[in-house]
Each structure stands twice: as C-alpha cells, then as structure tokens.
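Since the structure comes first, as structure tokens, the remarks are kept for the end.
Positions are given from 1 along the sequence. Both ligands and their constituent atoms are indexed starting at 1 by order of listing.
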Amino acid sequence: MPEEPAYEAELRHEQAYVDALFAKLDAERTQTQRRLDETLRQTGGTPQARTEREAATTLHSDRLAQLGSVEQGLCFGRLDFVPGSSDEETAYIGRLGLFDEDDDYRPLLIDWRAPVARPFYLATAASPDGVRRRRHLRSLSRRVTGFDDEILDLTAADQGQDLGLAGEAALLAALERRRTGEMADIVATIQAEQDRIIRAPLGGVMVVQGAPGTGKTAVALHRAAYLLYTHRQQLTTRGVLVVGPNSTFLRYIGQVLPSLGETGVLLSTIGQLWPGLDADGAESPEAAEVKGRLVMAEVLAKAVRDRQGVPDPVIEIEHEREILKLDRKTCTQARARARRSRRPHNLARRLFVSDVLDALTRQAARALGEDLLDAQDVQDIRAELASSPAVAAALNSLWPKLTPAGLLDDLFAEREHLDRAAGELLSEEDRKHLESGRDAKWTPADVPLLDELAELLGSDDSEEEAEQKRQERVERAYAEGVLDILDQDEEIQDEEVLRVSDVLDAELFAERQQARSQLTAAQRAAQDRTWTFGHVIVDEAQELSAMDWRLLMRRTPNRSMTLVGDVAQTGAAGGARTWDEVLSPYVADRWRLEQLTVNYRTPAEIMAVAAGVLAELDVDLAAPASVRETGVPPWGVEVVSLDEELPSLVAAELSAVDGGTVAVLVPGGRFDEVRKLLPEDERLSVLTVDRSKGLEFDGVVLVSPDEIVSGSARGLNDLYVALTRATQRLGVVRTGPAVPALGGLG
Ligand SMILES: Nc1ncnc2c1ncn2[C@@H]1O[C@H](COP(=O)(O)OP(=O)(O)OP(=O)(O)O)[C@@H](O)[C@H]1O
C-alpha cells in the first residue's frame, strides 16, 4: 500500500474521477427519461411509425433500468497500461459503458464485458498483457473508500500466484463478507478461470464441472449477462433461460442479473416450465425417479395409442329412425390411416373422424336408397351425421380429444390405464410408485411428462382459431359502429372538418382497443410452451432427469447451452453420474468440458473434512483448493437429546457468526422435530439437504449425519453437499453411530 499522504492524494483523485462518472450517469438518466417521456407522448401515425415508437420505448426503458441498477459499485477498477501498448494510458472499468460525446466518444468508463476490460481479469505478472498496474476501487454508494493496487511486473511481490488469483485483497474482502441470504455479483473480482468460461463463444453445449463453491452459479449468471451484452440483438429476440433447482434457490440468485443491469432473462425451475403452472407438489423420491426415466416417453406414447380404440365388435347409432352400425373393421382401417399420418393424436383425429363419417354416410345413403340421392343429398346426410350428438358420442369414445393434464391424471389414477401403457415397460413396483407417490398437486417430475404429452397430443386449435376470428369480427363491427356514430355527430356539426373515419379506419381502431404487447422475450417465453430460447443455462444440472433433459432440448433446438454442475453432488436418484451419459443422446460427443478448480466459499479447515467424504464417493474428482483459511476448526459433538442440547449449540453459532447467517441441515425425517426446537429468526434456516443445494451460510450445523447417509442411495453425496455450504464455521451434531468418512467429527 502506498504511503499515507500519497495514498490520500490518490484517493482524492479517484474520488474526483468517480464524481465525474456519476455526474455523467445522472445526466444520461435525465436525458433518457426525457426521450422516453417524449416517445410516450406521441400518438397516431402509420403502422411503421407505431412500430418504431414501440422499439424506441423499449430501448429507452431498458437503458433507464440499466442506468438505475449500477448505483452501487459503478466503477470498481482501473488499468494503467505500459506506455505505447494501448491507445489510452488508463482505463476505468465498471458496470456499464459511459462515453464523452463531446470528445469523439472517448470512453470514460468501460463495461466489464467489453474486450478492452478483459486484462482486468486475466492479466498476471507473468503475462501482463500490456498492463502495468491493476487497481481495485472500493466504494460505498458514491464515495470511494479505498483501493488496492497490483503492479504487474515480474519483480513485484508474489500476489497469490500459487492459485493464480487476481486482485487477491479485493477477492478476500469479498469472500469474508457476511452472507445476507441473497447472492451478490462478483463482477469486480472474477478470476481468470471463471472469465474464460463467462466469455466462451455462444454456440454449442458447454459443461462446467466444478466442486462446491468454485463459483459455478456466479459464473453461469455472469455468462448470461456477458452473452446478452455481446449478442444483444440475437438474444433479446429469443431470450435466455436460466434453470435452477427450486424456488428458494431462484430467490437466492434473483438479484444478481438485475444488479448487472440485465432484466430480460427468464429464471425458472423445471416445475415452472409449463405455462400457468408452478408444479411444486411433493412426492416420494422413488416416484420422481420413475417419472424421470427415459422409458416414460414410451409409456406415454403407449398411453396415447391406448386411447385410440375400435368397437368390440360394433357400436350401434340411431339416426333418422335407422340403426347405423360402426364395426370393428371400418374403425380399424380408419385408425390405421390416421396413425400412418404421424400427426399428433388430436390432429390425426380429424382423419379418423372423416373416414368414419364417410362410412356412416354410405350406410345411411344405402338405407335411404342410394339411386334416389344426388351428390348434394349425400353431402347433407354427411353434415347431419357430423352434427349428431349420438355420432359425436361414438367418436369420442373411440378417439377422444385429449389434454395432457387429463391423460396424465387418468394414467396415474386408474390402474387399468397404467397397466396397459406401462405393463411391459415398468415393473409392478415401479407402477406402484407412480400410483401412490403423489398428492393432489402436480410435481416437478410431472412437468416433463405433460410436455411430452403436449407433443404427442398436439392441439387441435381449429376451434380456437375460429373463436379468435369471431372475436376480431366483433371488435371490428364495434369499431365501425363507433365510427358511424362519431361521423353522424360531425355531420351535424360541420361539413368542412375531417371526419374521424378519414383519419382512422375501423381496423386500426379495433387494433387500438387491444392492449399493445410490451412484453420482453422472457415474459413471452414464460407464457408459451413451444418457445425456443436463444441460449439455455442450467444450474445444478446434475440433478436433472432424462425426461427433464428431453424437455430442455425441445426448448433449445440450436443446442446453445451452458450446463453447470457437479456430479459429486448429485442427490436425485435419477440425476447424472457422468456428463457423457446425460448428453450423448442429444449431441453425441459434441460438447466441451470446462472445469473450475478453486473453492471460494469453503475455508480450508472445512474443505479438509469434505475431502474425506469426497474420497469415499465413487467419483473420479479431486477436492478443490480453498482460497482461504479461517483458523477456526470444525467441531463435532455427540448428544443424547436433541431437545435439550441443540438449541444452545445453535444459539452459540448464531452469536459466533456475529450478525451472519446459520443453517441447520437435517435429514428429511427430522425436519419437523428440529424446526419446532429452534426459534424463528431471519438469520437462521432449518433445511433438508436437497433444499440447501446451491445455497451458502456463514455457519452450518449438521444434524444426524448418519441418517443423511442412510437416507437415500446418494446419501454420501448429500453429506458432501451439506458440509460444503459453510463460508466460516461448521459443527456436526451426532445422534447415532459415527460416520467414518467424517473422521473424528461425527
Ligand atoms: N471470483 C469471485 N469473486 C468473489 N466471490 C466469488 C468469486 N467466485 C465465487 N465467489 C463466491 O463464492 C461463493 C460460491 O460461489 P457459487 O455459489 O457460485 O459456487 P458453486 O460452484 O455454484 O457452488 P455449489 O456447487 O455449492 O452450488 C459465492 O458466495 C460466490 O459469490
């Protein structure tokens, strides 16, 4: 650190620069707001003018949101270049770009995502990339409170070079920060191995494998922001989807992208990917596992075919005092033709219906005496049959119109249906799980099944289309009526003035009645099951089942995906063991693997315990290196009674983290018991391990590790996840036999 007076002088200089940046920011806000107001005030004009106005409104609103989101940490870095190595001697790096229009658009502040900013994250003493000095600025609102410098030449003191850390002081300060329950962005301290992943090209499937705490989630979110900046045009049209494991997790990460000025990303769980549904019902892990198997696609296809029936042996239909007979042969032929069309069930139905109506028409015509009828008569008979309730009932019994929800409900609720569809594909035990494992609500594992069924059934939207046309006609008629009335009024008043109908035609007027769609791609995507995204990012990707992957691949036909996860943390019975197994059905071996190796969350003392568990897991993965030590060893105690001892142990942890957060992680079977023992406190969470996935807390108290291990087939993975949630302190409270993998702790 420079000597005090020089340091103070530098600090004043930086403050003056940052003041100027905020002045510029304020001016831009005022100007953008003015432009937005002007645009909103304009009305009328050609359709093209209206479209342009809408585009301008979106542009100004987005910019305003971005300008409003960068108040904290607007400028966090500065690079000084070796003379002659860059156009500018100095570059300031921040959350967005600001330029001086009066000086040929000279950059005042460079967006962290711009290529010029890259050396801020990558330059090292060994490979300085033209950088002489890297400076991290610390600030509180608009006040610069301090800075740390790194001189990038080989004679400079070694700065965390063993782990290749950049800006170590700023990084450690960020990591020591107390956790608030909401994830923060890491834009000021992104490390080189993370930067390479964030800025990787858009196309193709990239898997980011990394141990707990290596920044996978942070990297995934910053990548979304980077991609939106670099491929703005393409991605704002199609949107970016970020998939997370549950809504607690989505809340935890929810502020990161807005703080980076990006609001156009859809954050969703798999259970929320069916429009209008938030499928968060509970079910047994066994049922979820069966539902996630790839074979379910076949089960569902069979379930649909099972609903395409033929009479056994005939259906009799009364029509005009005649009995018409619908026999097995006719229907079998009609069914075969409809199926051969390879159209989804509800669309193929039209072919089936048409063939059956033809056959019935022939019969009815024969009964009336074919020779006496002309073509028009025959057509009339067909039309009558088509509108006959008795015929409709017969057709519905043979080839009903189906909805995904209706069919899936029947399949799980009625054993006969399930047996016919799954008898050869699932064991008796599996079928029992499907039948009994659910409550009344849809579960996350149901959503990929609903999605699969939507594909198999298709939607016969001819009725909806007709309804929409009818609605448009009604609106138009209303508009014409309004214009007539206005015109009459005007005729009475003054023949000379322009009539309303001279400046506004009925169609335009009708259009104005409809709310103009101002939705972003992400919002539209959330309402549309068939939406395909420009890029899909999946966090905790190891948890997804084969059926989840099918759904996601449908949403990403361009296969532009970033998948982050850790196969050592897989908790779901149907989750991934290897990335290859998951991806090969969709992209063969055309995916690339990137690895993160440094743990930013868990201190070395706790990681040493977790490494023992990792070694027991049957995975070929090395424990990550921790960037810091706390000097606080993890503790372990055996208790006789949780009731008596746990509350005081947890209270002690809460006071030790001094205003920070504590999680008590429990096996599923003890959740209610432990929840009741502990007080409600916003700094304290009681969670089962699966709910703690991806989250972090200053202190973690792990209860009954033996039950976590024995609780599921992937119990050791769960234990590993639980141990790696802490940023400062870990305690283990044992109630049963010791778990050898925990060493002396538990
Ligand atoms: N470069 C960085 N600068 C500052 N903090 C960082 C950096 N990288 C990661 N972190 C912090 O480390 C913690 C762990 O990061 P993150 O949650 O992204 O890890 P993860 O790999 O997703 O972990 P898990 O596998 O347990 O979900 C977070 O608090 C994150 O902000």
Side-chain angles (χ1 to χ4, degrees), residues 73 76-77 112 120-122 136 160 163-198 207-224 242 244-246 248-250 252-253 255-256 259-260 537-543 562-571 594-603 606-607 610 614 621 623-628 660-661 663 665 689-698 700 717-718 720-728:
F76 52 78
W112 64 278
F120 187 73
Y121 302 108
L122 291 189
H136 277 89
L163 290 179
L165 301 178
E168 201 184 4
L171 175 66
L172 290 178
L175 300 178
E176 291 293 338
R177 196 174 41 81
R178 259 184 240 114
R179 298 314 199 250
T180 60
E182 272 189 0
M183 189 171 197
D185 69 69
I186 61 164
V187 70
T189 52
I190 293 170
Q191 297 299 304
E193 69 174 14
Q194 299 175 323
D195 182 84
R196 281 188 199 99
I197 294 168
I198 291 170
V207 173
V208 182
Q209 160 68 43
T214 51
K216 295 182 297 299
T217 301
V219 164
L221 295 171
H222 287 71
R223 177 160 170 73
V242 173
N246 55 54
T248 317
F249 178 82
L250 294 186
Y252 168 64
I253 65 168
Q255 274 318 302
V256 177
S259 79
L260 297 174
I537 295 177
V538 186
D539 201 349
E540 305 289 347
Q542 76 278 357
E543 300 300 325
T562 305
L563 314 173
V564 313
D566 179 8
V567 283
Q569 294 185 61
T570 307
E594 296 288 342
Q595 308 226 35
L596 290 170
T597 58
V598 178
N599 183 340
Y600 300 95
R601 176 193 300 136
T602 324
I606 299 179
M607 206 54 221
L614 182 64
L621 295 170
S626 294
V627 286
R628 62 199 171 101
T661 56
L665 302 183
V689 179
D690 61 330
R691 285 275 145 182
S692 74
K693 210 151 257 184
L695 307 183
E696 62 186 22
F697 308 88
D698 296 308
V700 165
N717 300 48
D718 289 345
Y720 180 61
V721 171
L723 291 170
T724 50
R725 298 305 96 201
T727 70
Q728 304 286 346

Can you name the closest pair of heavy atoms from Pro603 and Ser626 and give their distance? C-OG, 3.7 Å
Applying ring-ring contact (aromatic ring centres under 6.0 Å, His included), name anything that partners Phe76, two or more places apart in sequence or on another chain. Phe120
Are Asp566 and Tyr720 side-chain neighbours, meaning at least one heavy-atom pair lies under 4.5 Å? yes
Contact set, ligand 1, heavy-atom distance under 4.0 Å, ordered by chain/number, equals Leu171, Leu175, Arg179, Met183, Ile186, Thr189, Ile190, Gln191, Gln194, Ala211, Pro212, Gly213, Thr214, Gly215, Lys216, Thr217, Ala218, Glu540, Gln569, Tyr600, Arg601, Gly694, Glu696, Arg725
Under the rule for salt bridge (Lys or Arg N to Asp or Glu O under 4.0 Å), what residues qualify as partners of Glu176, not counting sequence neighbours? Arg628
Taking side-chain hydrogen bond (donor to acceptor under 3.5 Å, both in side chains) as the definition, give me every residue that meets it alongside Thr570, ordered by chain and number, with sequence neighbours left out. none
Do Leu596 and Val219 have side-chain heavy atoms sitting under 4.5 Å apart? yes
